[in-house]
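Note sheet for the following structure.
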Amino acid sequence: IESQREMTRILASAIDFTIEKEAEQVRSNANSQYVIDALKENNLKYRVKNEKEIQIYLADMNKRWIKASDDDPFLKDYLENKLSHRLSGLKIEEKKLITITIADKFGGLAGSTARPSKFYSFDQDWWLSSYTKGYGEPFIGNVEYDEASHLWCLPFAIPIEDEAGSVIGVYKASISLDTFFKPLLDFKIGNTGKVVLVDDKAYLVYHNEALPFANKYCEYEEFQKT
């Protein structure tokens, strides 16, 4: 039993290492000079607006965004601008990236590889947790399902800082969940022993014969005892 526990600890450490490695790569991408330059230019539009005017502006933009058809030039201003093209190129290079979205220092959209449901992100956990009132903190969210790609992914959010260290926006990258399962794929104990990865609600995140979150490993009360 102790040897099996040690195997479990080693596998958990391997997944931890993979998550830390991906977080560091996202941080490096987030603070690329082209991202910083694009956000500085984007944020210039707020110079002559007070707080109330900014709120009104973002609310109006959000209404336009939701109503716009997919071929509306208004959407193309954000999904096909120079920043979004660079992000799309990065996504092609790193196939594990599902979506990349950049929001400015007020939560407004600056660029993205796919159309988000809303123009602003200031009410989203990833933006709030990473921006943290301008102090900036890395954030790893809960596993989420990407409707466009039909894939499960893990979201990372990193504050973007200018040369003076001020947070000027937030970079969110959603990475395919399969990236973190590689240490588990071929692991077995005997003929029947298999690896499962379980979330904090007892749902199966990884099982080689089941879809993520389709089944529970056990009842929640039993899981709490474990």
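You'll find the ring centres of Phe213 and Trp152 inside the 6.0 Å limit.
The neighbour count for Gln33 CD, taken as heavy atoms of other residues, nucleotides or ligands under 6.0 Å away, is above 12. Applying the 6.0 Å contact sphere to OH of Tyr203 captures no more than 12 heavy atoms from other residues, nucleotides or ligands. Within a 6.0 Å sphere centred on CD of Glu51, other residues, nucleotides and ligands contribute 12 heavy atoms or fewer. Crowding of Lys45 atom NZ: a count of heavy atoms from other residues, nucleotides or ligands under 6.0 Å exceeding 12. No more than 12 heavy atoms of other residues, nucleotides or ligands lie within 6.0 Å of CD in Glu41, so this atom counts as exposed by the packing criterion. Within 6.0 Å of NZ on Lys82 lie no more than 12 heavy atoms contributed by other residues, nucleotides or ligands. Summarising the local packing, CG of Leu44 is surrounded by more than 12 heavy atoms from other residues, nucleotides or ligands at distances under 6.0 Å. Annotation for Phe17: atom CZ does not count as buried by contact number, only 12 or fewer foreign heavy atoms lying within 6.0 Å.
One finds a salt bridge joining Arg9 and Glu6 here, because a Lys/Arg side-chain nitrogen approaches an Asp/Glu carboxylate oxygen to under 4.0 Å. With salt bridges taken as basic N to acidic carboxylate O contacts below 4.0 Å, one links Asp123 and Lys118. Using a 4.0 Å cut-off between a side-chain N of Lys or Arg and a carboxylate O of Asp or Glu, Asp162 and Lys40 do not qualify as a salt bridge.
In this structure, the side chains of Val26 and Lys172 stay at 4.5 Å or more apart for every pair of heavy atoms. The closest side-chain heavy-atom distance from Leu204 to Leu197 is not below 4.5 Å. Taking the side chain as every heavy atom from C-beta outward, Ile19 and Phe156 approach each other to under 4.5 Å. The shortest distance between side-chain heavy atoms of Asp104 and Ile168 does not fall below 4.5 Å. Looking only at side-chain heavy atoms (C-beta outward), Thr113 and Thr101 stay at 4.5 Å or farther from each other. Proximity of Ile160 to Ile102: side-chain heavy atoms (C-beta onward) are separated by under 4.5 Å at one or more points.
Between the side chains of Asp72 and Ser69, no donor N or O sits under 3.5 Å from an acceptor N or O.
Closest heavy-atom contact between Ala114 and Pro116: O-CD, 3.0 Å.
In this structure, Lys105 fails the cation-pi test against Tyr131, since its NZ or CZ atom is not both closer than 6.0 Å to the six-membered ring centre and inside 45 degrees of the ring normal. At least one cation-pi condition fails for Arg64 and Phe119: the charged atom is not both under 6.0 angstrom from the six-membered ring centre and inside a 45 degree cone around its axis.
Taking the six-membered ring for Trp and thresholds of 30 and 60 degrees, Phe74 and Trp65 have ring planes more than 60 degrees apart, a perpendicular arrangement.
We find the CZ-CD1 distance between Phe180 and Ile175 to be 4.5 Å, quoted to the nearest 0.5 Å. Of the inter-residue distances, the one linking Glu93 atom CD with Asn29 atom CG reads 9.0 Å to the nearest 0.5 angstrom. If you take OG on Ser88 and CG on Leu79, they are separated by 8.5 Å, rounding to the nearest 0.5 Å.
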